[in-house]
Trainee: 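Have a look at this one.
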Amino acid sequence: SWLQGSADSPFQRAGAQVDVGLDSRGTLKVCPSAINPNCYGTNARSPEQVAPIWTAPEELSAAQCADRITSTAQASLAGAEVEERQELSDGSRYVRLGVDGKWARDVVEVLVRVPEADGAGCLVAYRSINGLVKYQYPLQTARRDGGAQKERMESLRQRLGWRLRNYSDAEEYFSSY
């Protein structure tokens with residue numbers, strides 16, 4: 001019926017699970033701005049969702065960076081639990097955490113790439129996304145979470161004490177995979 005909408009409408013897909021993991025190129029999936037405006041990440045296409053990549057201290061390996069992110073998240077983000085950890089063939093690390101969100105369990109994903117040159121720190125790409133999209137009746141527009149995803153990731157970076165990376169350099173590095 002017309003109330004249910006088409007099978008591929010954002011309204012129909014709103015109740016679906018968040019699409020998580022790495023894409024076919026081994027990078028984080030893009031923030032789905034047409035379906036879920038409550039996403040903040042380094043691989044976003046919408047200007048208000050784009051986040052800067054972090055640079056970890058140069059003395060840390062990719063495994064140590066992933067461990068530091070995980071332990072800091074578990075100590076500082078409400079209900080943070082590791083849902084997946086993966087070592088990639090190039091030594092990079094992927095971590096997915098479930099965290100308590102405004103309306104449901106949210107998802108935080110982190111991809112730690114090994115440094116491109118000696119003396120450089122690992123690069124950290126990430127995505128924080130609502131686990132549930134709420135729609136405003138009767139307009140059927142997705143409700144915003146007031147910037148909770150951005151606040152969550154900025155808080156985590158500040159607790160880690162890591163720097164922001166020059167975005168154009170990092171974008172080139174991540175797109176080369």
Side-chain angles (χ1 to χ4, degrees), residues 7-10 12-58 60-70 72-73 77 80-99 101 105-133 142 149-150 152-154 156-157 160 162-177:
D8 65 346
S9 73
Q12 286 294 92
R13 289 180 277 166
Q17 292 289 324
V18 173
D19 189 18
V20 297
L22 302 174
D23 65 17
S24 60
R25 299 176 314 151
T27 60
L28 293 174
K29 294 184 179 175
V30 175
C31 284
S33 58
I35 300 167
N36 190 343
N38 301 311
C39 182
Y40 182 70
T42 53
N43 204 16
R45 300 290 184 255
S46 177
E48 65 271 4
Q49 294 178 323
V50 174
I53 288 173
W54 305 339
T55 301
E58 60 189 53
L60 298 178
S61 68
Q64 291 169 322
C65 288
D67 289 345
R68 179 93 44 100
I69 291 167
T70 301
T72 303
L77 302 179
E81 295 177 4
V82 175
E83 295 178 350
E84 182 180 350
R85 287 181 70 99
Q86 183 180 3
E87 180 178 356
L88 306 180
S89 60
D90 67 354
S92 297
R93 299 296 199 277
Y94 168 78
V95 178
R96 184 178 73 238
L97 300 128
V99 298
R105 294 286 288 169
D106 289 352
V107 177
V108 171
E109 295 177 289
V110 177
L111 178 61
V112 180
R113 291 273 193 219
V114 294
E116 203 171 32
D118 289 340
C122 292
L123 295 179
V124 181
Y126 53 90
R127 180 174 86 148
S128 181
I129 186 169
N130 267 134
L132 175 68
V133 180
Q149 307 307 316
K150 181 177 182 177
R152 173 184 295 134
M153 297 313 292
E154 265 307 298
L156 182 60
R157 183 188 66 82
L160 289 163
W162 294 356
R163 299 183 328 264
L164 299 177
R165 172 79 180 220
N166 177 320
Y167 192 76
S168 61
D169 293 344
E171 182 177 19
E172 181 180 316
Y173 176 64
F174 276 91
S175 66
S176 68
Y177 279 86

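One is the number of the first residue; the rest follow in order along the sequence.
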Trainee: For C65 and V112, which heavy atoms make the closest approach, and how far apart are they?
Mentor: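 Where C65 meets V112 most closely, the heavy atoms are CB-CG1, 3.7 Å.
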
Trainee: side-chain hydrogen bond (donor to acceptor under 3.5 Å, both in side chains) with R127: which residues, sequence neighbours excluded?
Mentor: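 Per chain and number, R127 pairs via side-chain hydrogen bond (donor to acceptor under 3.5 Å, both in side chains) with E109.
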
Trainee: Heavy-atom count check: over 12 atoms from other residues, nucleotides or ligands less than 6.0 Å from R68 CZ?
Mentor: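 Counting other residues, nucleotides and ligands, CZ of R68 stays at 12 neighbours or fewer.
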
Trainee: Can you name the residues that form a side-chain contact (heavy atoms from CB on, under 4.5 Å) with R163, not counting sequence neighbours?
Mentor: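 side-chain contact (heavy atoms from CB on, under 4.5 Å) check on R163 returns T55.
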
Trainee: Please step through side chain to side chain contact (heavy atoms under 4.5 Å, CB included) for the pair Q149 and V108, ending with a clear verdict.
Mentor: CA-CA 9 Å; Q149 307 307 316; V108 171; 5.8 Å; no

Trainee: Ignoring hydrogens, what is the shortest heavy-atom contact between A44 and V50? Give both atom names and the distance.
Mentor: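 For A44 and V50, the tightest heavy-atom pair comes out as O-CG2, 3.5 Å.
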
Trainee: Which residue, N130, I129, V99, L97, forms the side chain to side chain contact (heavy atoms under 4.5 Å, CB included) with V107?
Mentor: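 The single option meeting the side chain to side chain contact (heavy atoms under 4.5 Å, CB included) with V107 is I129.
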
Trainee: For V124, which of V110, L160, T42 qualifies under side chain to side chain contact (heavy atoms under 4.5 Å, CB included)?
Mentor: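 Of the listed residues V110, L160, T42, the side chain to side chain contact (heavy atoms under 4.5 Å, CB included) partner of V124 is V110.
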
Trainee: Output all residues satisfying side-chain hydrogen bond (donor to acceptor under 3.5 Å, both in side chains) with T70, sequence neighbours left out; order by chain, then residue number.
Mentor: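 By the side-chain hydrogen bond (donor to acceptor under 3.5 Å, both in side chains) rule, T70 matches R85.
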
Trainee: I want to check something: taking the side chain as every heavy atom from C-beta on, are L22 and L88 in contact at a cut-off of under 4.5 Å?
Mentor: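 Yes, side chains in contact.
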
Trainee: What pairs with E81 under side-chain hydrogen bond (donor to acceptor under 3.5 Å, both in side chains), at least two apart in sequence or on another chain?
Mentor: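 Expected list: none.
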
Trainee: What residues, two or more places apart in sequence or in another chain, satisfy side-chain contact (heavy atoms from CB on, under 4.5 Å) together with E83?
Mentor: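 For E83 the side-chain contact (heavy atoms from CB on, under 4.5 Å) partners, ignoring immediate neighbours, are R96.
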
Trainee: Taking all non-hydrogen atoms of both residues into account, name the closest pair between A73 and A80 and its distance.
Mentor: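 Scanning both residues, the minimum pair turns out to be O-CB, 3.5 Å.
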
Trainee: Applying ring-ring contact (aromatic ring centres under 6.0 Å, His included), name anything that partners Y40, two or more places apart in sequence or on another chain.
Mentor: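 In terms of ring-ring contact (aromatic ring centres under 6.0 Å, His included), with neighbours along the sequence ignored, Y40 is linked to no residue.
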
Trainee: Between L77 and T72, is any pair of side-chain heavy atoms under 4.5 Å apart?
Mentor: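 SC-SC contact between L77 and T72 ruled out.
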
Trainee: Provide the closest heavy-atom pair for P37 versus Q49 in the form atom of the first, atom of the second, distance.
Mentor: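 Shortest heavy-atom separation between P37 and Q49 comes out as O-NE2, 3.1 Å.
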
Trainee: Would L156 and W162 count as a side chain to side chain contact (heavy atoms under 4.5 Å, CB included) here? Give the steps.
Mentor: CA-CA 9 Å; L156 182 60; W162 294 356; over 6 Å; no

Trainee: By side-chain contact (heavy atoms from CB on, under 4.5 Å), which residues pair with V30, not counting sequence neighbours?
Mentor: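 Partners of V30 by the side-chain contact (heavy atoms from CB on, under 4.5 Å) criterion, ordered by chain and then number, come out as N43, R45.
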
Trainee: Considering non-hydrogen atoms only, spot the tightest contact between C122 and L60 and give its length.
Mentor: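 Shortest heavy-atom contact: SG-O, 3.7 Å.
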
Trainee: Which residue pairs pass the salt bridge (charged side-chain N to carboxylate O under 4.0 Å, His left out) test with at least one member in residues 26-42, sequence neighbours excluded?
Mentor: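 Passing the test, one end in residues 26-42: D19-K29.
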
Trainee: Once rounded to the nearest 0.5 Å, what's the spacing between atom CE of M153 and atom OG of S128?
Mentor: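 Result: 6.0 Å between the selected atoms.
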
Trainee: Considering residues at least two apart in sequence or located in another chain, which fulfil the disulfide bond (SG atoms under 2.5 Å apart) criterion with C39?
Mentor: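 Listed in chain order: C31.
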
Trainee: Just by distance, do the side chain of Y94 and the backbone of G21 share a donor-acceptor pair under 3.5 Å?
Mentor: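 Answer holds: yes.
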
Trainee: Suppose we screen for side-chain contact (heavy atoms from CB on, under 4.5 Å). Which residues come up paired with E154, at least two apart in sequence or across chains?
Mentor: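 With neighbours one apart ignored, the set is R157, Q158, L164.
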
Trainee: Heavy atoms only: give me the nearest V95-A66 pair and the separation to one decimal.
Mentor: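 Smallest heavy-atom distance, with atoms named: CG2-CB, 4.0 Å.
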
Trainee: Could you check if a side-chain atom of V20 sits within less than 4.5 angstrom of a side-chain atom of E84, using non-hydrogen atoms only?
Mentor: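 They are not in side-chain contact.
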
Trainee: Can a donor-acceptor pair be found, under 3.5 Å and without considering hydrogens, that links the side chain of Y126 to the backbone of P52?
Mentor: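 Yes.
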
Trainee: Any salt bridge linking D67 with R93? Criterion: basic side-chain nitrogen under 4.0 Å from a carboxylate oxygen.
Mentor: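 Salt bridge: no.
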
